[in-house]
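Counting starts at 1 for both ligands and their atoms, following the listed order.
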Amino acid sequence: MGHEEPPLETRVIPIDPEAPDAGVLAEAGAIIRAGGLVAFPTETVYGLGANALDDASVRRIFAAKERALDDPLIVHLATAADLGRVAADVPALARELAATFWPGPLTLVLRKRPEVPASATAGLDTVAVRVPAHPVALGLIAAAGVPVAAPSANRFTRTSATTAAHVLEDLGGRIEMVLDGGPAAFGVESSVVDVTGEPPRLLRPGALTLEALERVAGPLALGPGKERPASPGMMERHYAPRARLVYIREGGVETLRARVADAVALGLRTGVIGTDLDAAAVAGIEGVHVAMLGVEGDHASFAAGLFAGMRKLDADGVELVVVRRPGTSGLARAVDDRLRRAAAEVVE
Ligand code: TXA
Ligand code: MG
């Protein structure tokens with residue numbers, strides 16, 4: 001898949017993440033209304049926004065990202081009160097989840113209204129919707145005056161962008177504007193829940209924990225159902241760095257150290273993404289590239305730094321990355337999901 005549009009000048013506009021400038025938001029909103037593309041920060045990752053109700057605008061997102069057309073987008077709203085613009089039917093459970101968790105890192109899959117173009121939903125009769133918890137995102141959507149389709153602002157097959165620099169790396173010259181509101185807080189994408197059937201399904205674990213969801217919704221089914229297409233963010237190696245990623249079981253610090261030592265001995269440019277424990281374990285091995293994300297057990301820091309760590313090690317030219325599973329509950333569930341998809345080899 002090639003990208004054949006002539007390059008655009010991508011304007012990067014710094015913006016206060018707490019108190020965004022109304023003039024900048026108005027200008028960015030006008031670009032979206034006119035059919036353009038604006039990348040913006042959310043609390044999860046950066047999004048690449050376009051008018052969700054306009055087929056040509058939505059198609060530009062796919063072209064810029066070189067994204068497969070069968071991978072549906074998330075439609076972002078400024079308020080749950082706008083749900084009726086895109087969703088045909090909002091079950092009681094969806095209303096309760098929205099009331100509890102929006103604005104926030106929860107995406108609900110609902111029956112779609114005909115006004116949402118098929119390009120945005122990959123031809124499905126459902127639409128994914130969320131209200132993000134970020135003043136810049138909310139201000140931009142309100143200024144645009146239309147629902148905003150926004151996938152993560154990375155090139156297809158690359159890890160999600162958590163900073164404006166990542167967006168530029170992947171999409172510079174392909175989009176009109178990037179609003180730079182600093183690094184995204186969560187660092188992993190929203191949790192995607194399909195509420196069109198019984199029981200509701202967690203299609204993609206994300207920044208809102210399963211534990212929190214189940215306190216409101218009761219037990220969720222996990223993963224795509226048999227009769228439904230998989231949530232395509234679920235594609236294999238979707239979140240992979242360029243380097244070969246070896247994924248070590250939880251607690252396997254000594255295994256990690258040994259794998260790193262072997263790789264270095266073979267002359268491979270080797271990296272580690274991990275906690276202070278991992279960094280200490282490989283401290284005696286010369287030439288290892290370490291992305292240290294935080295102290296052992298701090299899952300929020302691990303999630304926040306994971307994609308940036310992958311990009312940094314790629315930029316260092318690392319050929320093999322070794323990562324140890326941080327855990328499988330709370331926020332670590334989403335991290336574990338991304339790492340399993342990124343892994344070329346899993347060492348249990
Ligand atoms: O945190 C996030 O969700 C970020 C920010 C920008 O909001 N967005 C994001 O979008 O991660 P994207 O396009 O990278 O991932 C969208 C996910 C995919 O896994 C896709 O398959 C799923 O949502 N999805 C979208 N529409 C769907 C639908 N109608 N049915 C099932 N899954 C759907
Ligand atoms: Mg994505």
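- Salt bridge annotation for E211-R333: absent, with no cationic side-chain nitrogen under 4.0 angstrom from a carboxylate oxygen.
- At least one heavy atom of A150 sits closer than 4.0 Å to an atom of ligand 1.
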Next item on the list: Check the pair L106 / L213 against side chain to side chain contact (heavy atoms under 4.5 Å, CB included), numbers first and verdict last.
Entry: CA-CA 9 Å; L106 168 67; L213 275 163; 3.9 Å; yes
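- Side-chain atoms of T162 and R311 include no donor-acceptor pair closer than 3.5 Å.
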Next item on the list: Output, in order, the C-alpha distance, side-chain angles, deciding distance and verdict of salt bridge (charged side-chain N to carboxylate O under 4.0 Å, His left out) for E254 and R324.
Entry: CA-CA 10 Å; E254 177 47 32; R324 183 170 54 86; over 6 Å; no
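- At under 3.5 Å, a nitrogen or oxygen of R67, whether backbone or side chain, sits near a nitrogen or oxygen of ligand 1.
- With a heavy-atom cut-off of 4.0 Å, I74 touches ligand 1 through its side chain alone.
- At a heavy-atom distance under 4.0 Å, only side-chain atoms of R204, from C-beta outward, approach ligand 1.
- Under 2.8 Å from the Mg ion (ligand 2) lies an N/O/S atom of S152, whether from backbone or side chain.
- Contacts between D71 and ligand 1, counted as non-hydrogen atom pairs separated by less than 4.0 Å, involve the side chain only.
- Applying the under-4.5 Å side-chain rule to Ile, Leu, Val, Met, Phe, Trp and Tyr, the cluster around M177 extends to I13, I15, V24, L25, I31, I32, V38, F40, V136, L140, I141, V146, V148, L179.
- Checked against a 3.5 angstrom limit, the closest N/O atoms of K65 and ligand 1 fall outside it.
- With R269 contributing its side chain and E319 its backbone, the two residues share no donor-acceptor pair below 3.5 Å.
- Within the structure, ligand 1 lacks K112 among the residues with a heavy atom less than 4.0 angstrom away.
- Tested against R325 for a salt bridge (Lys or Arg N to Asp or Glu O under 4.0 Å), the candidates D336, D337, D278 yield a single pass: D336.
- For ligand 1, none of its N or O atoms has an N or O atom of Y46 under 3.5 Å away.
- Across the listed options T121, V188, V109, T107, V109 owns the non-hydrogen atom lying nearest to atom 30 (N) of ligand 1.
- The two residues R340 and Y247 have their closest heavy-atom pair at CG-CE2, 3.7 Å.
- Ligand 1 has no N or O atom lying under 3.5 Å from any N or O atom of T42, backbone or side chain.
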